[in-house]
A.B. asks: 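Supplied in structure tokens, the structure appears directly below.
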Amino acid sequence: MHPDFLLHPRLQALAAESCAALAPCFSLMEETTEYNQQKVLAAFLRNKVSETHFAGSTGYGYGDRGREVLETVFADVFGAESALVRHTFTCGTHTLAAALFGLLRPGEKMLCATGTPYDTLHPVIGLRGRGIGSLRDFGIGYRQVELDAQGRLDLPAIAEAVRRETPKLVYFQRSRGYTLRPSLSAAELGEAAAAVKSAVPETIVVADNCYGEFVEREEPTQRGVDLVAGSLIKNPGGGLARNGGYIAGRRDLVELCAHRMTAPGLGGEVGATLGLNRDLFMGLFHAPHVVGEALKTATFAAALFEKLGFSVSPQPFETRHDVVQAVRLGSAEALTAFCKGMQAGAPVDAFVSPEPWDMPGYDSKVVMAAGTFTMGASIELSADAPLRAPYAAWMQGGLNFHSAKMGVLLAAQSMLEGGHLPCIQ
Ligand SMILES: *Cc1c(COP(=O)(O)O)cnc(C)c1O
């Protein structure tokens with residue numbers, strides 16, 4: 001080890017044991033990475049990506065060839081008819097909101113089939129409060145079907161709700177978000193889409209694909225989901241996209257979203273790229289590899305913290321459909337020590353010490369570790385921990401395994417120094 005990193009010998013031994021035990025798991029992940037890298041490369045070749053596509057447009061951005069080719073490449077990779085890939089989407093929530101407002105009309109209904117959606121979608125739907133500008137404000141109804149006791153899709157209940165409520169759109173969240181339920185595979189989403197369509201065939205099936213891209217060989221759109229959306233500062237931006245979002249799916253639906261994204265009549269035909277195309281192409285190119293590194297990091301953290309006596313979700317050898325790893329640390333102090341240690345191993349802002357604070361929209365203090373090149377990019381190693389039961393840290397990302405592994409080890413070392421690793425003292 002490099003002399004600057006003085007890890008406790010027992011931690012070093014547990015890290016080595018974890019990596020040895022995970023070898024078969026890592027080799028399966030590498031097979032997926034390799035396949036997805038070929039999938040992305042094939043889309044680049046098929047669409048004749050060229051240096052001229054990296055030139056940026058200004059103003060209206062009419063006829064921006066780079067933007068058009070980038071969107072065709074994304075569509076190809078997602079097995080979709082069409083895609084929107086824009087740096088003008090400020091974040092994942094904005095992208096998902098553009099999709100929902102693009103598809104739904106007053107008097108229609110949205111049904112969420114994965115229980116309560118990700119927190120930032122609540123104001124979009126209008127789940128609480130006055131809901132200014134929300135779907136509810138525009139007269140769009142909302143229903144949800146809970147996950148079953150194991151946190152899995154309840155297909156009979158979903159089909160029943162689709163027949164009863166006849167929603168225009170059924171929405172699935174693929175990732176676990178900040179809960180302890182399992183993430184959903186593309187195959188499970190495909191099966192659910194089939195159940196929805198066999199109940200009422202014209203229902204639109206949409207999936208929030210955040211954190212799920214390139215974790216498997218197939219994307220939900222290759223299994224019968226009509227439309228997916230996500231953030232470019234997560235998986236598909238490959239750590240190089242500095243902001244943005246994407247929507248991919250059926251051509252008619254993507255077009256509806258485009259008219260909401262810009263203005264009716266303009267759709268996807270405008271949008272200057274200002275020289276950002278190169279980063280977005282290169283980010284997509286790197287994405288399968290970076291997702292592979294993030295998956296190894298999550299799996300390593302699962303194995304290490306399990307050895308240290310904590311309960312982890314998913315388990316080290318469990319099949320993953322997103323890059324998120326939860327570690328139940330048991331107390332507010334342990335969580336804070338974990339985040340401080342992870343921050344201390346970040347390539348950027350390692351010298352700052354994260355403190356729990358009252359974040360708007362949360363009912364408890366939250367502590368975070370994020371020493372990232374792109375602010376808030378959670379494809380880079382990062383952790384969030386609300387200071388409330390079950391006192392779990394949700395971590396994700398890692399641009400490269402070697403560096404992210406050190407971040408995880410420093411999180412453990414910081415807990416050890418704070419007296420939170422009784423198994424080692
Ligand atoms: C990240 C994420 C979003 C969007 O969040 P932003 O922070 O706005 O990018 C939505 N759903 C899930 C499951 C997410 O992980």
Side-chain angles (χ1 to χ4, degrees), residues 84-101 110 112-125 127 133-135 144 147 151 153 171-186 188-189 206-215 219-220 225 227-239 241-248 257 261 280 283 287 290-291 294-295 298 313-314 320-326 359-362 366 368 370 372 374-386 392-398:
L84 291 169
V85 184
R86 302 293 170 122
H87 75 87
T88 43
F89 283 131
T90 55
C91 60
T93 305
H94 179 193
T95 313
L96 287 159
L100 293 172
F101 277 99
M110 153 182 182
C112 180
T114 42
T116 306
Y118 193 76
D119 285 64
T120 59
L121 269 301
H122 299 186
V124 174
I125 297 165
L127 285 186
S134 65
L135 293 168
Q144 77 185 38
L147 295 162
L153 292 172
Y171 181 91
F172 293 86
Q173 181 182 309
R174 183 176 181 185
S175 168
R176 58 179 47 231
Y178 297 113
T179 70
L180 294 170
R181 63 119 158 141
S183 52
L184 296 167
S185 67
E188 282 171 292
L189 288 168
V206 174
D208 169 354
N209 205 23
C210 281
Y211 289 137
E213 301 90 352
F214 303 117
V215 173
E219 297 298 330
V225 168
L227 193 92
V228 291
S231 164
L232 295 184
I233 62 167
K234 293 181 181 171
N235 305 12
R242 280 174 286 173
N243 74 352
Y246 78 95
I247 294 173
C257 301
M261 171 186 74
L280 300 187
V290 170
V291 170
L295 283 170
S313 172
R320 287 160 193 267
H321 313 294
D322 70 7
V323 298
V324 182
Q325 178 65 47
M359 261 182 69
Y362 287 84
V366 178
M368 293 182 170
T372 54
T374 293
M375 192 196 285
S378 44
I379 190 58
E380 301 185 46
L381 183 65
S382 49
D384 302 54
W394 276 268
M395 53 160 286
Q396 63 276 312

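Each ligand, and each atom within it, is numbered from 1 in the order the structure gives.
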A.B. asks: Compare T95, D208, L121 and give the one whose heavy atom is closest to atom 13 (C) of ligand 1.
C.D. replies: D208

A.B. asks: Which of the atoms of ligand 1 are close to L96, meaning less than 4.0 Å from one of its heavy atoms?
C.D. replies: 10 (C)

A.B. asks: Please report which non-hydrogen protein atom sits nearest to atom 9 (O) of ligand 1, along with the residue it belongs to and the distance in Å to one decimal place.
C.D. replies: G92 N, 2.8 Å

A.B. asks: I need the minimum non-hydrogen distance between R176 and P182, along with the two atoms involved.
C.D. replies: NH2-CA, 4.0 Å

A.B. asks: Heavy-atom pairs closer than 4.0 Å: do any link ligand 1 to the side chain of I233, the backbone, both, or neither?
C.D. replies: neither

A.B. asks: N/O to N/O below 3.5 Å, does that happen between G177 and ligand 1?
C.D. replies: no

A.B. asks: Compare every heavy atom of A229 with every heavy atom of L96, then report the nearest pair and how far apart it is.
C.D. replies: CD2-CB, 3.7 Å

A.B. asks: If I compare all heavy atoms of R320 with all of V215, which pair ends up nearest, and what's the gap?
C.D. replies: O-CG1, 3.2 Å

A.B. asks: Please state which option from Q396, Q173, K234 has its nearest heavy atom closest to atom 14 (C) of ligand 1.
C.D. replies: K234

A.B. asks: Below 4.0 angstrom from a heavy atom of Y211, which ligand 1 atoms are there? Numbered from 1 as shown, please.
C.D. replies: 15 (O)

A.B. asks: If you look at every heavy atom in P117 and I125, which pair is closest and at what distance?
C.D. replies: CG-CD1, 3.7 Å

A.B. asks: Run through N209, V291, V290 and flag the one making a side-chain contact (heavy atoms from CB on, under 4.5 Å) with N235.
C.D. replies: V291

A.B. asks: Quick one: nearest non-hydrogen protein atom to atom 5 (O) of ligand 1, plus distance?
C.D. replies: T93 OG1, 3.5 Å

A.B. asks: For side chain to side chain donor-acceptor pair (under 3.5 Å), just list the numbers for S378 and Y211, CA-CA rounded to whole Å, side-chain angles, deciding distance to a tenth of an Å, and then say yes or no.
C.D. replies: CA-CA 9 Å; S378 44; Y211 289 137; 2.8 Å; yes

A.B. asks: Anything under 30° is parallel, anything over 60° is perpendicular, the rest tilted; go ahead and classify Y178 against W394.
C.D. replies: perpendicular

A.B. asks: By number and element, which atoms of ligand 1 are closer than 4.0 Å to a non-hydrogen atom of C91?
C.D. replies: 8 (O), 9 (O)

A.B. asks: Give yes if a backbone or side-chain nitrogen or oxygen of H94 is under 3.5 Å from a nitrogen or oxygen of ligand 1, and no if not.
C.D. replies: no

